[in-house]
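Since we're looking at a predicted model, the values are computed, not measured. One is the number of the first residue; the rest follow in order along the sequence.
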Amino acid sequence: MEWFHSTEREQTERTRGGLASSHEIQSAFAEQRDYLYWIALLITGDGALADLAVVNASALSANYSSVFRDWLIGWATYATVRAAVREVRDFISASVSHYVDSSSEHCDDDVLSDDQIMSLRNVDPRDILAALDPLARSALVLRGIQHASIGDCALLLDVPRRIIGAAYGQALRWNSERTDADGVPHEDRVDSRL
């Protein structure tokens with residue numbers, strides 16, 4: 001009978017050691033649902049498509065049950081972003097023409113700080129959808145919120161780096177104007193991370 005208890009202890013220790021169970025995967029999506037929906041909504045601009053992206057990402061992630069929990073949350077976010085981008089790829093492509101003659105005015109390492117992201121989470125998504133086109137919203141999520149490189153954004157969105165830079169610059173300008181209007185101090189606006 002001792003072998004049973006020792007196996008049971010090993011299983012408990014293995015679960016506590018960082019591997020995610022199916023229940024933990026479902027739990028991670030449940031805990032992060034609002035955040036994942038918000039990210040998908042910013043990209044898709046449509047509540048039904050955002051829901052579909054989160055559901056599709058959840059199904060995709062359920063196939064990876066022996067992963068580390070922190071990685072799982074990152075994977076859930078990445079899967080949601082990919083699914084949301086796939087749903088509105090045509091709209092993102094149509095937005096490219098708005099940036100063809102634009103120049104990128106931001107530094108390549110400008111990403112939003114945790115405080116800026118929390119501030120943005122308090123903005124009604126409809127205001128963001130009204131202010132930014134699908135490409136600028138996608139760049140804001142990928143570069144500003146998820147801290148993906150401009151090159152990774154370009155690859156995922158299938159858009160030239162220069163266009164991504166211009167769209168992200170537009171999103172940063174909008175966010176700056178929004179925070180100016182709300183009276184947020186200018187210091188530490190952008191977190192420069194490599």
*Asks:* According to salt bridge (charged side-chain N to carboxylate O under 4.0 Å, His left out), does anything in residues 75-91 pair up with another residue at least two apart or in another chain? List the pairs.
*Replies:* none
*Asks:* Taking the side chain as C-beta and beyond, is there a heavy-atom pair between Arg161 and Leu155 under 4.5 Å?
*Replies:* no
*Asks:* Does the side chain of Arg178 come under 3.5 Å of the side chain of Ser119 through a donor N or O and an acceptor N or O?
*Replies:* yes
*Asks:* At what distance, to the nearest 0.5 angstrom, does CG of Asp115 lie from CG of Leu120?
*Replies:* 12.5 Å
*Asks:* State, with a plain yes or no, whether a side-chain heavy atom of Asp46 is found less than 4.5 Å away from one of Leu129.
*Replies:* no
*Asks:* Using the salt bridge (charged side-chain N to carboxylate O under 4.0 Å, His left out) rule, collect all pairs that involve residues 116-130, keeping only residues at least two apart or in two chains.
*Replies:* Asp124-Arg126
*Asks:* Looking at Ala154, is its backbone amide N or carbonyl O close enough to the side chain of Asp158 to form a donor-acceptor pair, meaning the two atoms are under 3.5 Å apart?
*Replies:* no
*Asks:* So do Val111 and His147 actually touch side chain to side chain, heavy atoms under 4.5 Å?
*Replies:* yes
*Asks:* Compare every heavy atom of Ala84 with every heavy atom of Ala53, then report the nearest pair and how far apart it is.
*Replies:* CB-N, 3.6 Å
*Asks:* For Leu41 and Gly47, work out which heavy atoms get closest and say how close.
*Replies:* CD1-N, 3.7 Å
*Asks:* Output all residues satisfying side chain to side chain donor-acceptor pair (under 3.5 Å) with Gln32, sequence neighbours left out; order by chain, then residue number.
*Replies:* none
*Asks:* Are any non-hydrogen side-chain atoms of Leu172 and Leu112 less than 4.5 angstrom apart?
*Replies:* yes
*Asks:* Please determine whether side-chain contact (heavy atoms from CB on, under 4.5 Å) holds for the pair Val81 and Leu36, giving the CA-CA distance in whole Å, both sets of side-chain angles, and the decisive distance to 0.1 Å.
*Replies:* CA-CA 8 Å; Val81 166; Leu36 297 173; over 6 Å; no
*Asks:* Could you state the interatomic distance from CZ (Arg137) to OG (Ser95), rounded to the nearest 0.5 Å?
*Replies:* 7.5 Å
*Asks:* Do Tyr168 and Cys153 have side-chain heavy atoms sitting under 4.5 Å apart?
*Replies:* no
*Asks:* Evaluate Leu52 against Thr44 for side-chain contact (heavy atoms from CB on, under 4.5 Å), listing each step before the verdict.
*Replies:* CA-CA 10 Å; Leu52 181 62; Thr44 64; over 6 Å; no
*Asks:* How about Arg143 and Ile150: do any of their side-chain heavy atoms sit closer than 4.5 Å?
*Replies:* yes
*Asks:* I'd like to know if Asp180 and Arg173 make a salt bridge, using a cut-off of under 4.0 Å between side-chain N and carboxylate O.
*Replies:* no
*Asks:* Once rounded to the nearest 0.5 Å, what's the spacing between atom CD1 of Ile163 and atom OG of Ser93?
*Replies:* 11.5 Å
*Asks:* Between Ile145 and Tyr35, is any pair of side-chain heavy atoms under 4.5 Å apart?
*Replies:* yes
*Asks:* Check the hydrophobic clustering (I, L, V, M, F, W, Y; side-chain heavy atoms under 4.5 Å; chains of links allowed) and say if Val55 and Leu42 are grouped together.
*Replies:* no
*Asks:* Are more than 12 heavy atoms, taken from residues, nucleotides or ligands other than Phe91, located less than 6.0 Å from that residue's CZ atom?
*Replies:* no
*Asks:* I need the minimum non-hydrogen distance between Ala167 and Ala136, along with the two atoms involved.
*Replies:* O-CB, 3.7 Å
*Asks:* For the OG1 atom of Thr80 and the CH2 atom of Trp75, what is their distance to the nearest 0.5 Å?
*Replies:* 10.0 Å
*Asks:* May I have the step-by-step check of side-chain contact (heavy atoms from CB on, under 4.5 Å) for Leu142 and Tyr78, ending in yes or no?
*Replies:* CA-CA 9 Å; Leu142 290 168; Tyr78 179 74; over 6 Å; no
*Asks:* Does the side chain of Leu157 reach to within under 4.5 Å of the side chain of Leu135, using non-hydrogen atoms?
*Replies:* yes
*Asks:* If you round to the nearest 0.5 Å, how far is CG of Leu156 from CD1 of Ile92?
*Replies:* 8.0 Å
